[in-house]
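Here is the structure we will look at.
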Amino acid sequence: MKAGAGLTAARDQRPCPLDPFRAGPRGNRDSWGGRAAENSTPMSAGDPKNGRDKPEDSLQVAQIWPEVERAECLARGAALKWASGVFCRPEHLERLSQYRKRESQRTASIHTRLKSIVQSYLEGVGWGLEQLRGARGELKEVSQALKRAGLESDGNTAGVKSLERMREVSVSHRQLLAAVSNLPRLYSVRSMVMETERLVESRRLLEAHARLMDLERWQDDILWQLYGAAGPAGSALSPEEQELVGRYFSGVGQLVDALGKELWAVVSSALALARQNPTPFVSAVRIVEREEALDRALPEERGGAKGHSRPLPSGRPRCWRASFFQVLEEAVQARFRSVSYLHTRGPGLAGHLSALQHGIMADLTTVRHLLEHCVPPHYQLTAAYLRASHHCLHAHLAQVSSWDLESGEIFAVLNWVLHTYNSPDMMGQPELEAEMEKLELGPLISTEGLEQLQNKYVQSVRKSVSEWMHKALQVELQDWQRDQEPDTDHEGFYLTSLPTIITQMLEDNARVALMIGTSLRDQMIQMGLYEMENLINRFREALVEFGKEHRRDPSKDKNKFYLHYLLASISNCIILKKSTVSLQQQQSSRSAGQFSRTPPNPLAALDRAVRRACRLVMDQLLLALLPLLPGLMTRHWLVQGDPTPKLCSVLELHLELYGHVRPPCRERLQEEAQWLLVVEYVRALMQKKLVCRGAEERRQLAQQVVQDNQQFREILHGLEGEGSVPEVNPLALLPVLADFIRLKDPNMLTLEVSGLAAKYPDISEEHVCVLLDIRGDVSRDVRGAVLDLLEQSAPPSACRLSAHLH
């Protein structure tokens, strides 16, 4: 501390080198510039009057702290800049004394703080040096003590070596004493081992275990006596000594293995033999509990003071309780394997699952009512059996699910897992439900496994459905070639076997899938709709090919009932549409479209097939009318009325066949036939085969058109009677055309065309020109006026007549 005080005093006599403003002897600052600096001598680094250190001291400080010189230069520059700004005018010099006094006070305050800080630092350094001096002295004392202890230890080494021989004699004496005292036991070991073997073979397990415990205790005592005789240091026995004791007790380890083998044989056969004689099982449980008690007690007894603990006997701990439950689980697995696997595949899988059910429930009854009373309560044997059987079932069903199963086998597995296993006949019994909830065993098959199994089931059924639909379509195509009319139902509508087969198959699959769950039912319906759509697309292609084949040779005898089977196909599509709607209604709304990005649309495919079939029916009607149509609008027709009666006969025959089609397609066909007849009739008129030569011929032409219209109406009166009159009745056109032709005054044609354009907005200029030509009495002026009026009439909507005519 004296050195620190002296250093502090020396530093107090010197100004701080970090202070940029150093006061002179009178406390003023000569470093300021301005006008006052003109009368003063400039400060220099070596001027002693300014209170500065000598040049040598300044140089030494600069060498120690190089940044001090730069900081001092910056401070002087800042001071000069400040002073030049403050004292830029002469009148400002009056306040010079005030500035000096204020800055002197500030400088003194800074010096005081710096001295205080340096003083505190120096005091800390002095205290640290004092502590280091004390520690160095203590280290010297400890080092000297260690040297003296080492010298004394070296001096005692010779005395310790002289005791080694005495220690060896003592150990040998104690070992010989232990051997002599245990000679009677050693001589009786062999007879005890043989007696215990006989007891084990005769399954007198409790007696055998008591003898075995005696043998193990003798062996442990002898080993401990030899171990203790080895000296107070507790050194381990030599390999020769251990081998000598092991030879005397060589049969003990074999006895342990033999007894354990018998125990596990009893435990594994307990499920099968408990009803006959549960005594061996009870003995096995008592032995397991004895061993478990020894496994717990021995470590507690022999975990003594550190360095003097007695080692555990060889083979301890045995953990026979854990082995007991492991053997029980293996016994359950063996019971599973005992169920016949010969007929597991194919139809025998359902029988195999049923046998598993009966076997599990029989064993569970044995465990609950017999074995549970033979073990301590903490064994919870029922829970252990449930856990073991569940694990075995889980592994077995996973193996079964990995096989290439058919749809019937997959259904059997799903039904057994989802319904039978949790039913009141198995684990759903009231007394078992609480136990199962405590165990939290989880599902027999995981959610992902169930989804995969259900998808496999759907794919298997889909393959079967696709094959059956293909066969049904082939049968349908063969029926089309039959030389007889299609069958009719009780209402007289045509039908074939196709819709009955398809509908029954899809409904049966949906009903069977519902036995598993609604999710599988929805998947099955979705699959059925896809296959239905594919079938209808192939069915439509078959209709197109059927029509092409008929057009190639319409006179073939095998195509005699071509039209009948077309009509039957339309009725079949109507039945399939009803079945499709029924299936879609059964499907859950939340699952519609869930199993595929593009949901099936069999209704659109059915509509396309119906349109194609109706088109072929109309083509067949047109084919029947074509030979008669050239006779219309001829002189012969005008005089005798032929071939209108024949047209009516053909139309009546076809309409009668259309009556075998289910509504609403029946009305659609009748309407299409009406349109076809009128369009072909008007097309014959538009051909200008007959041009009137006078008013009388116009009257006859109009009258004949009206008579033909009346005959057509008589044939088609059934449409009006059934209340299915179309919005635009094509037959209403014929009287209008007749009135146009019959009109006597050509000047009234403008008004007539105006009414015709209002009723049929899409009538074209070509149509009107043909009608004017047929009259034969229209002048050029009237024709121009009529066409101008027609051009001014803008059609607000389209009519089917123009489309049919073109």
Side-chain angles (χ1 to χ4, degrees), residues 260-276 278 280-289 291-292 318-341 344 352-402 413 416-446 449-450:
K261 185 177 180 181
E262 289 297 326
L263 282 178
W264 308 142
V266 169
V267 172
S268 61
S269 62
L271 291 172
L273 304 178
R275 293 180 182 275
Q276 302 173 8
F281 181 75
V282 175
S283 301
V285 172
R286 292 180 63 183
I287 292 172
V288 169
E289 283 303 295
E291 290 292 330
E292 196 70 18
R318 293 204 174 112
C319 303
W320 274 11
R321 185 186 293 172
S323 301
F324 172 87
F325 288 105
Q326 182 179 354
V327 170
L328 182 64
E329 184 173 355
E330 293 175 356
V332 174
Q333 295 176 359
R335 299 285 286 178
F336 272 77
R337 290 192 295 269
S338 66
V339 179
S340 175
Y341 277 72
T344 302
H352 169 69
L353 295 175
S354 179
L356 280 179
Q357 174 187 350
H358 290 94
I360 291 172
M361 296 312 297
D363 289 345
L364 187 57
T365 302
T366 301
V367 171
R368 290 174 55 206
H369 298 290
L370 291 177
L371 298 183
E372 188 73 58
H373 303 292
C374 299
V375 298
H378 63 268
Y379 270 50
Q380 297 182 354
L381 202 58
T382 302
Y385 177 80
L386 288 173
R387 188 182 299 107
S389 62
H390 187 87
H391 291 164
C392 292
L393 276 176
H394 179 76
H396 180 58
L397 291 175
Q399 179 186 8
V400 171
S401 301
S402 65
V413 174
W416 198 86
V417 170
L418 296 177
H419 301 293
T420 304
Y421 185 71
N422 296 316
S423 67
D425 295 334
M426 282 194 73
M427 302 306 169
Q429 296 180 8
E431 55 272 16
L432 291 178
E433 282 183 340
E435 194 73 33
M436 293 292 289
E437 290 177 0
K438 291 179 184 178
L439 294 175
E440 297 180 355
L441 297 175
L444 286 176
I445 299 179
S446 63
L450 284 177

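Note that this is a predicted model, so its numbers are computed, not measured.
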Check your understanding: Just checking, is any N or O donor in the side chain of His396 or His352 under 3.5 Å from an acceptor N or O on the other one?
Key -> yes
Check your understanding: Are the side chain of Ser269 and the backbone N or O of Ala272 linked by a donor-acceptor pair below 3.5 Å?
Key -> no
Review point. Would you say the side-chain atoms of Trp264 pair up with the backbone N or O of Val327, donor to acceptor, closer than 3.5 Å?
Key: no
Check your understanding: Of all heavy-atom pairs between Arg275 and Ala362, which one has the smallest distance, and what is that distance?
Key -> NH2-O, 4.3 Å
**Study point:** Nearest-0.5 Å distance, CG of residue Leu263 to CD of residue Glu291
**Key:** 8.5 Å
Practice item. Answer whether the closest heavy-atom distance between the side chains of Phe325 and Arg387 falls below 4.5 Å. Key: no
**Study point:** Chi angles and distances behind the side-chain contact (heavy atoms from CB on, under 4.5 Å) call for Leu271, Tyr385
**Key:** CA-CA 10 Å; Leu271 291 172; Tyr385 177 80; 4.2 Å; yes
Review point. Roughly how far, to the nearest 0.5 Å, is the CG atom of Leu364 from the CZ atom of Arg368?
Key: 6.0 Å
Check your understanding: So how far is it from Cys374 SG to Tyr379 OH, rounded to the nearest 0.5 Å?
Key -> 12.0 Å
Review point. Do Gln333 side-chain atoms and Cys392 backbone N/O form a donor-acceptor pair below 3.5 Å?
Key: no
Revision key, fill the gap. Side chain to side chain contact (heavy atoms under 4.5 Å, CB included) test vs Leu393 passes for just one of Ile445, Leu356, Val417, namely Leu356
Check your understanding: At their closest point, which heavy atom of Met427 faces which heavy atom of Leu432, and how far apart are they?
Key -> O-CB, 4.0 Å
Exercise for review: Applying side-chain contact (heavy atoms from CB on, under 4.5 Å), run through Val282 and Ile287 and close with a yes or a no.
Suggested key: CA-CA 9 Å; Val282 175; Ile287 292 172; over 6 Å; no
Exercise for review: State which residues pass side chain to side chain contact (heavy atoms under 4.5 Å, CB included) with His390; sequence neighbours excluded, sorted by chain then number.
Suggested key: Tyr421, Leu441, Leu444
Exercise for review: Give, for atom OG of Ser323 and atom CG of Leu328, the distance between the pair rounded to the nearest 0.5 Å.
Suggested key: 12.5 Å
Review point. Take atom NE2 in His419; do more than 12 heavy atoms of anything else shown fall under 6.0 Å from it?
Key: yes
Study note, to complete from the structure: With sequence neighbours left out, the residues meeting salt bridge (charged side-chain N to carboxylate O under 4.0 Å, His left out) with Glu289 are Arg321
Review point. Do Val375 and Phe281 pass the side-chain contact (heavy atoms from CB on, under 4.5 Å) test, and can you show the C-alpha distance, the side-chain angles, and the key distance before you say yes or no?
Key: CA-CA 9 Å; Val375 298; Phe281 181 75; 3.7 Å; yes
Point to revise | Test item: Val285 and Pro376 side chains (from C-beta on) under 4.5 Å apart, heavy atoms | key: yes
Point to revise | Shortest non-hydrogen contact from Pro278 toward Ala274 | key: CD-O, 3.5 Å
Exercise for review: Decide yes or no on side-chain contact (heavy atoms from CB on, under 4.5 Å) for Met361 and Gln429, but give the supporting numbers first.
Suggested key: CA-CA 11 Å; Met361 296 312 297; Gln429 296 180 8; 3.2 Å; yes
Review point. Can you list the residues that meet the salt bridge (charged side-chain N to carboxylate O under 4.0 Å, His left out) rule with Glu440, with sequence neighbours excluded?
Key: none
Exercise for review: Compare all side-chain heavy atoms of Leu418 with those of Leu450 and state whether any distance is below 4.5 angstrom.
Suggested key: yes
Revision key, fill the gap. Between the CG atom in Leu371 and the OG1 atom in Thr365, the distance rounded to the nearest 0.5 Å is 11.0 Å
